[in-house]
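Below is one structure, written out as structure tokens; comments come after it.
Residue numbers begin at 1 in each chain, while the letters A, B, ... track the order of the sequences.
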Amino acid sequence: MRVRFAPSPTGRMHLGSGRTALYNYLLARKTGGQFILRIEDTDQKRYVPTAEQELIDGMHWLGLQWDEGPDVGGPYGPYRQSERKDIYLHYARQLVESGHAYYCFCTPERLEKVRQEQQARKEQPHYDGTCRNIDPDEAARRVARGERHVIRFKTPREGVTVVRDLLRGEITVENRLIDDYVIVKSDGLALYHLAAMVDDHLMKITHVFRGAEWLPTFPLHALIIRAFGWQEPEFIHLSVFLKPSGKGKMSKREAADLMKDGYSIFVTDFKDLGYLPEAVVNWIALMGWSYDDHTEFFTMPDLIEKFSLEGLNPSPAAINFTKLDHFNGLHIRHLALPDFAQRVKPFLISAGYTVEDEKLLRIAPLIQPRLTTLDDVVAMAGFFFKDEIVPDPAALVPKGLTPAEAAQVARRSLEVLESLSDVSPAVAEPPMRALVEELGLSAGQVFGILRVAVTGQTVSPPLFESMEIIGRDTCLKRVRRAIELLEAMA
RNA sequence: GCCCCCAUCGUCUAGCGGCCCAGGACGUGGCCCUCUCAAGGCCAAAACGAGGAUUCGAAUUCCUCUGGGGGCACCA
């Protein structure tokens with residue numbers, strides 16, 4: 001099985017592209033076939049120089065490696081369409097010679113005028129066929145003379161074309177509704193309709209996964225392949241991703257709003273947002289594909305083993321970011337501790353902390369079950385790396401106590417802690433619980449004061465585990481400071 | 001406007017004629033656990049778009065409608 005991911009470098013890498021690439025990759029790996037990356041850059045006007053690199057970065061981040069492509073080469077290159085211009089021209093001329101295509105000399109201005117007239121008459125805009133019946137020899141002479149021209153595919157005027165999509169079965173379209181599409185522009189470069197069909201044939205592609213936006217032109221593509229007499233690959237059209245509301249595709253404006261909530265639709269954004277590639281892969285794999293009625297957690301090896309065409313679903317899916325959060329938490333907890341520590345480290349460093357691996361490794365088990373995204377580590381565990389913490393005095397006073405009472409609790413706690421050799425859970429928790437008992441308060445009240453005193457936060461990893469890492473001396477110093485703050489309030 | 005595709009809980013989905021007064025997951029609500037927050041465990045509410053037809057029997061097949069999506073470029 002030979003499959004390909006063929007993006008056009010015209011913008012950022014969308015989640016939908018990521019999924020298409022993923023499915024291609026999975027199928028190739030599952031069957032021991034080849035996964036090809038082909039860059040479809042036939043439109044210079046829309047070309048974005050940074051796009052190809054972003055695509056490559058995004059695929060690498062997701063963990064998708066290709067066997068043939070513009071950077072790694074391969075036996076069917078070049079893998080960038082802009083470098084294949086002559087190949088397409090050769091095949092386009094072959095179509096002209098066989099009567100399946102023709103030269104068209106209509107100017108863009110005339111075509112625009114025709115289009116407007118058709119729209120005014122409420123007709124479907126289409127090429128009016130002016131050049132369709134020019135004598136081939138005459139047309140060839142005009143081309144030889146250097147007259148500006150394009151090449152159009154000569155769609156049959158009658159009959160129907162039946163195509164087959166693996167997910168949807170047979171699709172029948174009347175030929176008269178298929179336009180005489182331009183397949184080679186006046187600059188001599190082929191359009192997608194020709195280029196992709198030629199490449200898929202030459203690159204021996206067996207299965208084409210592509211977006212459902214190609215469904216309307218699918219019959220044209222089949223007609224082109226058939227005009228050459230080539231064997232057709234299997235086609236699988238993946239439905240588009242809808243915005244979370246389920247109403248329509250994501251707009252630029254909405255994509256920007258999403259970023260404010262810590263989400264994105266661009267795969268290269270997820271890394272900095274604190275998402276694991278494992279989670280993003282798991283998430284997008286399940287938008288349009290399922291394995292059975294209960295399994296949802298998949299690693300890449302699982303997916304390679306379990307993925308199959310039968311599990312694909314043809315209906316459009318709304319993007320659900322809370323589900324991504326869920327998968328991210330799952331995959332975070334699935335990570336081995338040292339791996340987890342290394343993944344979280346860059347977020348602490350970019351928050352300005354100096355991070356020693358040994359210390360981070362001790363903190364890791366405390367925070368691993370508590371993170372939804374990796375960047376949460378800063379809010380949850382940043383205090384471990386601060387020399388000074390500044391507790392909010394108001395937060396020091398637990399519910400149900402006055403500042404003076406809280407100060408008294410803090411003083412008694414300090415006495416207990418000072419009497420101990422260390423502040424580890426095994427040593428410190430039993431006597432502290434005894435103190436809670438003695439004072440007739442709740443553990444939440446007493447430990448709450450200590451938590452804020454020692455961590456500066458009302459939410460933190462478990463108290464005694466945290467204190468052990470912070471160290472006895474620092475903890476005692478911080479409790480004394482908290483007592484001062486409380487006394488100042490009383 | 002025309003063409004194409006799609007249609008099960010709010011969302012992602014299982015279901016491929018009887019196993020379904022429809023299963024799982026996210027989210028939501030409740031309970032348990034609990035030093036905060038999570039994690040974990042348990043429970044609950046929540047769907048076959050409508051109408052016809054075929055059939056002993058339909059979420060599953062077929063029509064029509066409705067709704068949603070996509071496309072109608074010398075873009076991909």
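B/A44 sits 29 Å from B/A58 when the P atoms are compared, rounded to a whole Å. Taking the P atom of each, B/G40 and B/A25 are spaced 12 Å apart, rounded to whole Å. Between the C1' atoms of B/A7 and B/U60, the separation comes to 14 Å (whole Å). Rounded to whole Å, the P atom of B/A59 lies 11 Å from the corresponding atom of B/A22. Nucleotides B/U8 and B/G68 are separated by 15 Å at their C1' atoms, to the nearest Å. For the P atoms, the distance linking B/C5 with B/U55 amounts to 28 Å, nearest Å. If you take atom P in B/C65 and the same atom in B/G10, they sit 26 Å apart, rounded to whole Å. Taking atom C1' on both nucleotides, B/U28 is separated from B/A76 by 41 Å, rounded to a whole Å.
Annotation: A/His193 is not in aromatic contact with A/Phe153 [ring centroid separation under 6.0 Å not met]. The six-membered or imidazole ring of A/His331 lies near that of A/Phe297, with a centre-to-centre distance under 6.0 Å. In this structure, A/Trp289 has its ring center under 6.0 Å from that of A/Phe307. Ring centroid separation for the pair A/Tyr192 and A/Trp214 comes in under the 6.0 Å cut-off. Ring-centre distance between A/Phe321 and A/Trp283: below the 6.0 Å cut-off.
Nucleic acid contact class of A/Leu189 (heavy atoms, under 4.0 Å, all strands): none. When heavy atoms are screened at a 4.0 angstrom cut-off, A/Leu463 is found touching base atoms of the nucleic acid. At a threshold of 4.0 angstrom between heavy atoms, the contacts of A/Trp283 with the nucleic acid are absent. Contacts of A/Gly329 with the nucleic acid, taken as non-hydrogen atoms under 4.0 Å apart, are absent. Across all strands, A/Ser442 comes closer than 4.0 Å to no nucleic acid atom at all (heavy-atom distances). Within the nucleic acid shown, A/Val150 comes within 4.0 Å of at least one base atom, counting heavy atoms only. Base contact: A/Ser460 has a heavy atom under 4.0 Å from a base atom. Among the heavy atoms of the strands lying under 4.0 Å from A/Pro461 is at least one base atom, whether or not backbone atoms are also near. Heavy atoms of A/Leu191 sit under 4.0 angstrom from primed sugar atoms or phosphate atoms, though from no base atom. Residue contacts shown for A/Gln44 are absent, as no nucleic acid heavy atom lies under 4.0 Å away. When heavy atoms are screened at a 4.0 angstrom cut-off, A/Asn313 is found touching the sugar-phosphate backbone but no base atom.
Distances shorter than 4.0 Å separate none of the side-chain N or O atoms of A/Lys323 from OP1 or OP2 on B/A25. Close to B/C26, at under 4.0 Å from its OP1 or OP2, lies a side-chain N or O of A/His326. Contact annotation: A/Lys185 reaches the phosphate of B/C75 (side-chain N/O to OP1 or OP2, under 4.0 Å). Checking the phosphate oxygens (OP1, OP2) of B/C74, no side-chain nitrogen or oxygen of A/Ser186 falls inside 4.0 Å. Remark: A/Arg333 is in phosphate contact with B/G40, judged by side-chain N or O atoms under 4.0 Å from OP1 or OP2. Remark: A/Ser315 is not in phosphate contact with B/G69, judged by side-chain N or O atoms under 4.0 Å from OP1 or OP2.
Here the side chains of A/Val479 and A/Leu450 are in contact, with some heavy-atom distance below 4.5 Å. Considering only heavy atoms from C-beta on, A/Val459 comes within 4.5 Å of A/Met380 through its side chain. Using a 4.5 Å heavy-atom cutoff, the side chains of A/Gln118 and A/His126 are in contact. By the 4.5 Å heavy-atom criterion applied to side chains, A/Arg176 and A/Arg157 are not counted as neighbours. Within the 4.5 Å cutoff, the side chain of A/Tyr91 has heavy atoms near those of the A/Leu202 side chain.
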| field | Protein-to-nucleotide contact annotation, 5' to 3' order, nucleotides 62-68 of chain B [B base; S sugar-phosphate only; - none; under 4.0 Å, heavy atom] | value | -------

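Using the Watson-Crick or G-U wobble rule with both distances under 3.5 Å, B/G1 pairs with B/C72. Under the Watson-Crick or G-U wobble criterion, with both distances below 3.5 Å, B/A50 is paired with B/U64. Across every strand in view, B/G18 sits in a pair with B/C56 that passes the Watson-Crick or G-U test at under 3.5 angstrom. Across all strands shown, B/U28 is found opposite B/A44 as a Watson-Crick or G-U wobble partner, with both distances under 3.5 Å. Base pairing analysis places B/C9 opposite nothing; no Watson-Crick or G-U wobble pair with both distances below 3.5 Å involves it.
Separating the CZ atom of A/Arg210 from the P atom of B/G71 is a distance of 13 Å, rounded to the nearest angstrom. In this structure, the CD1 atom of A/Ile183 is 16 Å from the C1' atom of B/A76, given to the nearest Å. Atom CG of A/Leu366 is separated from atom P of B/C35 by 15 Å (rounded to the nearest Å).
In terms of polar N and O atoms assigned as donor or acceptor, the side chain of A/Arg46 comes within less than 3.5 Å of the base of B/C75 in a complementary pairing. Donor-acceptor pairing under 3.5 Å, judged by distance alone, is absent between the side chain of A/Gln119 and the base of B/G1.
Taking only side-chain atoms of A/Phe447, from C-beta outward, the nucleotide of B/C35, B/C75, B/C12 with the closest atom is B/C35. With distances taken from any side-chain atom of A/Arg451 to the nucleotides B/G40, B/C35, B/C4, the minimum falls on B/C35. Across B/C26, B/C5, B/A76, the shortest atom-to-atom separation from the side chain of A/Ile171 is found for B/C5. Comparing B/G70, B/C74, B/C37 by their nearest atom to the side chain of A/Glu213 picks out B/G70. Distances were taken from every side-chain heavy atom of A/Leu177 (C-beta onward) to each of B/C3, B/C74, B/C5; the shortest belongs to B/C3. Checking B/G27, B/C72, B/A76 against every side-chain atom of A/Asp43, the shortest atom distance belongs to B/A76. Of all nucleotides listed (B/U13, B/C26, B/U36), B/U13 comes nearest to the side chain of A/Ser290. For A/His294, counting side-chain heavy atoms from C-beta on, the closest listed nucleotide (B/A76, B/G71, B/G24) is B/G24. Taking the side chain of A/Pro125 as heavy atoms from C-beta on, and the options B/A73, B/C5, B/A14, the nearest nucleotide is B/A73. Checking B/C4, B/C26, B/C37 against every side-chain atom of A/Leu215, the shortest atom distance belongs to B/C4.
Residues A/Thr217 and A/Glu296 both approach RNA chain B. Their nearest nucleotides, taken by heavy-atom distance, put A/Glu296 toward the 5′ side. Each of A/Leu330 and A/Gly311 was assigned the nucleotide of RNA chain B with the nearest heavy atom; the assignment lying further toward the 5' end belongs to A/Gly311.
A cation-pi geometry, defined here as NZ or CZ lying under 6.0 Å from the six-membered ring centre and within 45° of its normal, holds between A/Arg12 and A/Phe266. The side-chain tip of A/Arg38 does not point at the ring of A/Phe5 from less than 6.0 angstrom away and within 45° of straight on.
Judged as a salt bridge (Lys or Arg N to Asp or Glu O under 4.0 Å), and not counting sequence neighbours, the contacts of A/Glu52 are A/Arg80.
From A/Arg168, atom CZ reaches atom OG of A/Ser239 across 4.5 Å, with rounding to the nearest 0.5 Å.
Contacts between residues 432-441 of chain A and RNA chain B, defined by a heavy-atom separation under 4.0 Å, are made by A/Arg433.
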